Structure formats: structure tokens, C-alpha cells
Amino acid sequence: MLAIYAPCVAAPAQNVAGQYNSPHVSRGLQAGAQDFPVLSRYLCSPPRPRAISGVDVPPPPHRIPAGKAFDNLYFVGHAKASAWVIETKAGLILIDALDSPAEAQDYIESGLRSLGLDPGQIKVMIVTHYHKDHTGGAAYIASKYHPQVVMGDADWKALADLQKDLPASDRLERDRSIQQNESLTLGDTKVDIYMTPGHTEGTLSLIFPVREGARSRLAVLWGGTDIRQDYMAYARSAALMKGQVQRRGVDVFLSNHASADDTEVKLARLASGATQINPFVTSVSRTRRAFDMFHECALARADYYAKR
């Protein structure tokens, strides 16, 4: 989870324990220096030990008001995990479902209503990966609104194992399974889905159009920010998405964690009217550098373990 990013800024990554000095570290830090200085230092540092269950319980997420990022894209998540909604002419596409049914009610349903949107119009739910902070509210949304549910095949299998002891009513049942790069279309909107393993085996990342008036752009949503499972697969996934960004002219970078793409700050600037330029829009080169950062930091992590 990305709530751990903020404290991880004390020491330059290449000096940690005198061991983390792969050339990939400096390249990753350089790629993230302009737009992701805290995130790049976290990702280009040795992995931290995972918290033991019941110890170091994280504080509850603080609220980010539901907001409109583009004419057809809305945020209904919180400071720890994002939930994005794409509005189409045939209904809504929900991307991720937060940590629990209560969060789905409090942030997704209430957030949509506050924005003038009807949760009953959720026709598709894309789950970027199976971790609980993205799937905890998914069974609630699926049972209440009956959208098509889309997730990577390997992550359907991992989720089924996690859910095996839950009551049937609390399980997210397998629906559309993604095993290779493909797309889905709802109304006037096509979402391209890419297999990007590394965070989990079945992590999905997305490219889709976002609109500002008559102007249409392309946004990329990176589906698994932390480098935590297969480092070389993660590096290959980042290289794949970097190529897509460059080839297709993607100039909007989004994450499924608000701390990774400064969603809170950007939404506040839009809501205040303080800027005429949408802060979610950067440039193709800056979006590409995000994936340079992910790629190099994953290779640094691989080097670290190869030397141990």
C-alpha cells in the first residue's frame, strides 16, 4: 500500500546500508525527480519488511472529496486507494472498489451521487489487481449493481484462494478473465487493457480516452505501483507501457493510489478554479518518464537480490 511512501524520504536510496548502489538506482531517481521525488526514493530503496498482522495497524484513510478530473473521469476514492469512474454514453466504468463494503458505500456510492451520477449505472467494474484495498468493496458493488467484473486471470485464482473461507454472499465471483492484452467497449468509450504482472501476477493497466470540451486525450492508469512480487516481470511491464505511452501519445498519468499521482492536490486545484490548465495533463515525455522510473527501480530491486 502506498500510505508508507511519505515517511520513506530520510536517506538517498543509493546510500541505504551501503548496499543499494546499482546504476539503475540513479537512473530511477533521475527519471522521477521532477514529478515523483518521494515515490522514486521509495521504489528505488531496498524493500521494507512487511508489517506483521495486528501490528503497526495503519490509520484510517483521510477523505479526499469526490471530484471531476476530466469531463468523463471522476475520482471517488480516498487518500490510500483510488477508485476512478469513466462516464460513457451507455453507463459507468468503475475502476477498483476500495477496501470494504463500508468504503464502497461511503466513497463510491456517496461520491457518485455527490457528483450527480447514479451508482445504478455502473455497468463494468475493472479490478486492477486482487489486493484487498482494491477488491474489498467489489463483492458489494457486484451484488447490488450487477456490472460485468473484469480482472486478470491469475488474480481471479489468487482471490478465490483468499475468499475460500468467506460466506458465499461475501465472495466476488469470477466473471470476465483477462489473460492477454485486449480491450472492452462501453457506449462510446474503448478501454485498452494490458497485462502488466510484477505487483501481482495478474495486474492490469489501462489506457483510455479522457475529454476536456472538444479535446480528447489519452490517459494511462498503472495498475500496481509498488514493486513487490516479480521484479523482472515488473520491469518488462513498465517497458511495455512506456512503449505504449510513446507510440500512442499518452499525456495523462494516473495511479490507483492517490499518493502516487498527487490526485488530492490536482483535484483541489481544479475545484478551486485556481488553474486554467488541467494539472492531470502533463506531456508524453513526462508520462514516459514515470515508466522509466518504474522500470529502473525494478531492475535496481532485482540487482539488490542478485547480490545477496
Side-chain angles (χ1 to χ4, degrees), residues 1-9 32-43 58-87 92-99 102-119 128 133-134 137 206 208-213 215-223 225-226 250-287 289-290 293:
M1 297 183 185
L2 301 190
I4 57 178
Y5 285 163
C8 300
V9 298
Q34 179 177 355
D35 297 301
F36 309 97
V38 175
L39 179 58
S40 63
R41 277 182 280 181
Y42 171 73
L43 293 176
H62 76 259
R63 183 173 293 276
I64 297 176
K68 181 178 180 179
F70 292 91
D71 290 349
N72 65 325
L73 183 68
Y74 303 85
F75 177 85
V76 289
H78 51 60
K80 287 187 178 178
S82 300
W84 293 98
V85 175
I86 306 170
E87 184 180 18
L92 305 176
I93 301 171
L94 171 65
I95 304 169
D96 287 345
L98 305 181
D99 193 73
E103 287 193 357
Q105 291 176 297
D106 190 20
Y107 291 94
I108 296 173
E109 288 183 321
S110 297
L112 286 172
R113 293 189 182 105
S114 74
L115 294 164
L117 299 171
D118 178 7
T128 56
D133 50 340
H134 305 283
L206 315 173
F208 53 88
V210 290
R211 296 192 304 273
E212 289 184 293
R215 178 76 184 269
S216 182
R217 301 178 180 276
L218 285 176
V220 59
L221 191 148
W222 182 232
T225 306
D226 200 0
V250 179
D251 60 0
V252 176
F253 173 80
L254 301 170
S255 171
N256 52 9
H257 286 278
S259 59
D261 59 10
D262 287 333
T263 288
E264 183 171 13
V265 172
K266 293 172 182 176
L267 286 177
R269 288 179 63 193
L270 284 172
S272 70
T275 178
Q276 294 182 333
I277 300 173
N278 190 320
F280 284 96
V281 178
T282 55
S283 65
V284 175
S285 62
R286 289 172 68 183
T287 306
R289 282 201 298 273
M293 172 186 66

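As the structure is a computational prediction, the values presented were derived from the model and not from experiment.
Every residue two or more places apart in sequence or in another chain that forms a side chain to side chain contact (heavy atoms under 4.5 Å, CB included) with A66 is listed here: V76, S114, L115. A search for side chain to side chain donor-acceptor pair (under 3.5 Å) contacts involving S82 returns nothing, not counting sequence neighbours. Residues passing the ring-ring contact (aromatic ring centres under 6.0 Å, His included) test with F208, sequence neighbours excluded: none. For R63, the salt bridge (Lys or Arg N to Asp or Glu O under 4.0 Å) partners two or more places apart in sequence, or in a different chain, are D106. Partners of R286 under the salt bridge (Lys or Arg N to Asp or Glu O under 4.0 Å) rule, at least two apart in sequence or in another chain, are D35. Partners of K68 according to the salt bridge (Lys or Arg N to Asp or Glu O under 4.0 Å) rule, which considers only residues two or more places apart in sequence or in another chain, are D71.
The two residues M293 and F36 have their closest heavy-atom pair at SD-CB, 3.7 Å.
Residues H134 and H257 place their aromatic rings such that the two centres sit under 6.0 Å apart.
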Assess the residue pair L206 and W222 against the criterion (side-chain contact (heavy atoms from CB on, under 4.5 Å)); give the C-alpha distance rounded to whole Å, side-chain angles, the decisive distance to 0.1 Å, and a yes or no.
CA-CA 7 Å; L206 315 173; W222 182 232; over 6 Å; no
Decide side-chain contact (heavy atoms from CB on, under 4.5 Å) for L254 and V210; before the verdict, give the C-alpha distance in whole Å, the side-chain angles of both, and the deciding distance to 0.1 Å.
CA-CA 11 Å; L254 301 170; V210 290; 5.5 Å; no
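Atom CG of N72 is separated from atom CG of L92 by 11.0 Å, given to the nearest 0.5 angstrom.
The aromatic rings of F75 and W84 stand perpendicular to each other, their planes meeting at an angle above 60°, with 30° marking the opposite boundary.
N256 places no side-chain N or O within 3.5 Å of a backbone atom of A83 that could act as its donor or acceptor partner.
In this model, a donor atom of one side chain and an acceptor atom of the other lie less than 3.5 Å apart for T128 and D96.
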